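Chain A is the first sequence line, chain B the second, and so forth, proteins listed ahead of strands; every chain is numbered from 1. None of these values were measured; they are calculated from a predicted model. Heavy atoms only: backbone and side chains are in, while hydrogens, waters and symmetry mates are out.
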Number of protein chains: 2
Amino acid sequence: MPSAPRRKQKNTSNKRVSLAMVAAHANVSTATASRIINGITNKASEQTILQVKKSVAELGYRPASIGRALRCQESRMVGVLAASLANPTMSAIASSIEWALRDEGFIMSLCDTHQEADIQDEYLLEMRAQLARAVVIVGAVQSPLLTDYRNSDMTFVFVNRPAPDQESALYVGIDNYQAGVDVAELLLQHGKKNIAIIHASLDQTAAEERRRGLLDRLAKAGIHSDQIPHAHAEGLNHLEVGYQCMGNILNMAERPEVILCLSDMLAFGAYRRVQETELSATDDMTFFGFDDNPLNPWIANWLNSVGVPAELYGPATVATLKAIWNHSPPTTPTYLSHKFRLNKAFTEVK
Amino acid sequence: MPSAPRRKQKNTSNKRVSLAMVAAHANVSTATASRIINGITNKASEQTILQVKKSVAELGYRPASIGRALRCQESRMVGVLAASLANPTMSAIASSIEWALRDEGFIMSLCDTHQEADIQDEYLLEMRAQLARAVVIVGAVQSPLLTDYRNSDMTFVFVNRPAPDQESALYVGIDNYQAGVDVAELLLQHGKKNIAIIHASLDQTAAEERRRGLLDRLAKAGIHSDQIPHAHAEGLNHLEVGYQCMGNILNMAERPEVILCLSDMLAFGAYRRVQETELSATDDMTFFGFDDNPLNPWIANWLNSVGVPAELYGPATVATLKAIWNHSPPTTPTYLSHKFRLNKAFTEVK
DNA sequence: CTGAAAGCGCTTACAG
DNA sequence: CTGAAAGCGCTTACAG
């Protein structure tokens with residue numbers, strides 16, 4: 001054996017190494033090999049353990065997760081359905097989740113639902129076919145299967161946008177209502193009362209909550225919702241919706257001081273519109289968004305936003321998953337505490 | 001049977017439906033059921049086909065991909081390793097690939113290598129353990145396993161950044177050298193000769209190619225590389241590298257007219273630096289980048305860039321994969337033809 | 001301490 | 001036209 005040592009070639013070759021090969025190489029049964037590889041070492045002799053470990057190393061063996069998954073009826077895969085990977089906030093969240101998942105030995109399968117119910121359902125089916133261990137939905141939309149699966153054995157966690165139809169579903173993200181309140185509070189502190197709101201469709205729970213928070217707080221200060229112009233357009237692409245809405249606002253008789261967008265992407269769209277039609281107007285307006293897009297400090301310094309660093313989502317999401325599997329799911333939503341990112345012009349006013 | 005029709009409940013219940021159940025329900029063997037479900041209908045009676053299809057519908061059956069994968073030694077999963085999901089260009093490309101893959105019945109497993117060799121290798125191992133059908137690397141870095149797997153049975157496609165160590169590897173993306181040439185050409189046409197280049201580490205093939213193209217073309221016009229100041233910093237985060245580099249440039253005795261960044265992310269970093277230290281300077285400078293970040297037209301209008309719409313990557317990548325599987329791989333790199341996106345200020349000069 | 005055997009969900013020669 | 005059987009890579013009672 002020690003002769004012609006094939007210089008550490010491991011498994012550069014073509015064929016996959018199976019457990020059976022390792023077992024044969026170590027002169028033990030697959031049962032024994034399996035146990036040792038899985039760390040069940042209390043029922044094996046020192047001797048055998050060494051032999052198996054050596055074989056694993058020499059052959060460059062790595063268990064085919066698929067075999068285990070089939071046998072255990074449970075894969076190490078977690079499906080992550082993101083509403084829109086084109087939104088940097090969401091892709092940053094997805095990346096954070098993947099990171100945290102990987103840490104626990106899971107592998108993420110990421111899909112983009114494009115905010116459409118039937119695509120989301122298609123992926124939900126697929127996740128089931130893949131025996132996904134759990135499904136994390138970053139920005140869920142209402143869909144038939146989402147309702148159907150409510151009571152199935154599938155583990156769900158909703159991130160960044162609460163479940164559209166189910167109060168009790170597990171949620172990880174900011175407290176959208178409170179964030180709305182906080183923004184309103186800040187504006188009031190700064191004496192800004194001339195506010196316009198830009199929003200897309202409100203059937204997404206997050207947006208609606210944000211708006212409720214805003215309006216409730218403003219109402220308490222005597223500013224009622226009919227004094228607050230709303231610009232709204234249909235469409236799934238927030239960039240374009242924001243662009244359209246801003247067109248309407250620029251046409252208004254009295255210009256608002258504050259353009260309050262229910263998402264940063266809406267604000268980006270609005271900003272472009274202003275730049276294209278009336279560059280100077282940018283300076284007279286204060287822009288507010290939600291989500292704190294990670295690119296904001298670099299290229300959208302004009303935007304004030306409220307949100308949470310994307311890196312915090314992954315650990316919180318995985319912690320929630322683990323809690324479920326330990327049968328001690330959180331009883332309340334997991335709120336990540338949001339912070340403001342304010343641009344200089346705005347903070348100076350203070 | 002027709003009584004108590006359980007109103008279309010399909011598989012809302014807990015248990016997964018297996019092929020065996022469908023077969024039993026249809027009174028046929030699993031072999032027959034399997035054939036019919038897979039569309040091998042030429043060897044089954046009309047009658048049986050109907051029965052099976054009915055059972056499938058009634059039970060809400062969807063094949064567990066894992067069973068098929070194990071049996072066929074090949075899953076429907078394609079691993080996509082992205083260098084940095086925080087970069088909107090890359091996440092948009094990933095999204096496009098996922099879309100195209102899905103169209104062909106594949107499912108994407110997306111990972112973020114954070115540009116690090118050992119993470120990339122970890123994922124490469126994992127993809128093998130998952131029996132991934134292929135691995136698409138969006139922004140590959142040099143790593144030991146990448147070399148090891150070169151001659152294995154694994155299918156590789158390199159997107160957006162050519163394989164670091166292998167000329168002949170399949171590549172889908174822009175022609176980086178030519179893009180460099182084209183940018184230089186454009187600058188010359190506009191009489192801009194006072195240029196500074198910002199770059200991160202050049203061990204990434206794409207950046208180096210871009211730079212070669214630029215310098216070659218400029219040299220032909222009599223501007224030699226020693227007349228072109230280079231700002232460079234180490235680090236994986238292009239935003240921060242760009243920020244640092246711009247600091248150096250702002251300290252230069254003679255200010256360049258054109259800040260030529262080898263990626264848009266670098267340009268974002270540079271822009272922030274200028275904004276922070278000397279706001280007005282932004283107007284005197286022309287910024288150029290590469291990749292055409294999808295957010296540019298919305299919030300980074302000051303940036304000129306060259307690239308390809310992200311949506312084009314997916315179809316091209318999948319076409320390449322299919323060609324490989326048909327044993328007719330493209331013999332040359334698949335170049336997507338890049339276009340300029342120029343801001344108004346720059347085009348007006350023309 | 002160790003191994004033979006069953007079985008997870010599927011497909012596919014092979015035999016009838 | 002259809003089915004019994006083997007087998008993909010693994011794990012896990014069960015028996016020894």
(message) When you compare the side chains of A:R161 and A:Y171, does any donor N or O come within less than 3.5 Å of an acceptor on the partner?
(response) no
(message) I want to check something: taking the side chain as every heavy atom from C-beta on, are A:H114 and B:W99 in contact at a cut-off of under 4.5 Å?
(response) yes
(message) What I want to check is whether the side chains of A:T317 and A:T320 have a donor and an acceptor closer together than 3.5 Å.
(response) no
(request) Give the rounded distance in Å between these two atoms: CD of A:Q130 and P of C:dC10. (result) 12 Å
(request) May I ask you to evaluate whether A:S34 reaches the phosphate of D:dT11, defined as a side-chain N or O under 4.0 Å from OP1 or OP2? (result) yes
(message) Without decimals, in angstroms, what is the distance between A:E74 CD and D:dC10 P?
(response) 18 Å
(request) Could you measure between the two P atoms, the one in C:dA5 and the one in C:dC1, and give it in whole Å? (result) 24 Å
(request) Using the P atom as the reference point in each nucleotide, state the distance between D:dC14 and D:dC10 in Å, no decimals. (result) 24 Å
(request) For each nucleotide in nucleotides 2-9 of chain C, reading 5' to 3', give B when a protein heavy atom comes within less than 4.0 Å of its base, S when such contact involves only the sugar-phosphate, and - otherwise. (result) BBB-BBBB
(request) Evaluate the side-chain contact (heavy atoms from CB on, under 4.5 Å) criterion for residues B:I37 and B:Y61: first the C-alpha distance (whole Å), next the side-chain angles of each, then the deciding distance (0.1 Å), finally the verdict. (result) CA-CA 10 Å; B:I37 287 167; B:Y61 172 69; 3.6 Å; yes
(request) List the steps, then state whether side-chain contact (heavy atoms from CB on, under 4.5 Å) holds for A:Q130 with B:I66. (result) CA-CA 6 Å; A:Q130 299 273 339; B:I66 208 173; over 6 Å; no
(request) Would you sort out whether B:E46 and B:K53 count as a salt bridge (Lys or Arg N to Asp or Glu O under 4.0 Å), showing the intermediate values? (result) CA-CA 11 Å; B:E46 202 65 11; B:K53 292 201 164 165; over 6 Å; no
(request) To the nearest Å, give me how far apart CG (A:L50) and C1' (C:dC1) are. (result) 16 Å
(message) With side-chain hydrogen bond (donor to acceptor under 3.5 Å, both in side chains) as the rule and sequence neighbours excluded, what pairs involving residues 132-144 of chain B come up?
(response) B:E74-B:R133, B:Q120-B:S143, B:D121-B:S143
(request) For DNA chain C, list all stems, counting runs of three or more consecutive pairs where every pair is Watson-Crick or G-U wobble with both distances under 3.5 Å. (result) C:1-3 with D:14-16, C:5-12 with D:5-12, C:14-16 with D:1-3
(request) Establish, yes or no, whether a centroid distance under 6.0 Å links the rings of A:W325 and A:F106. (result) yes
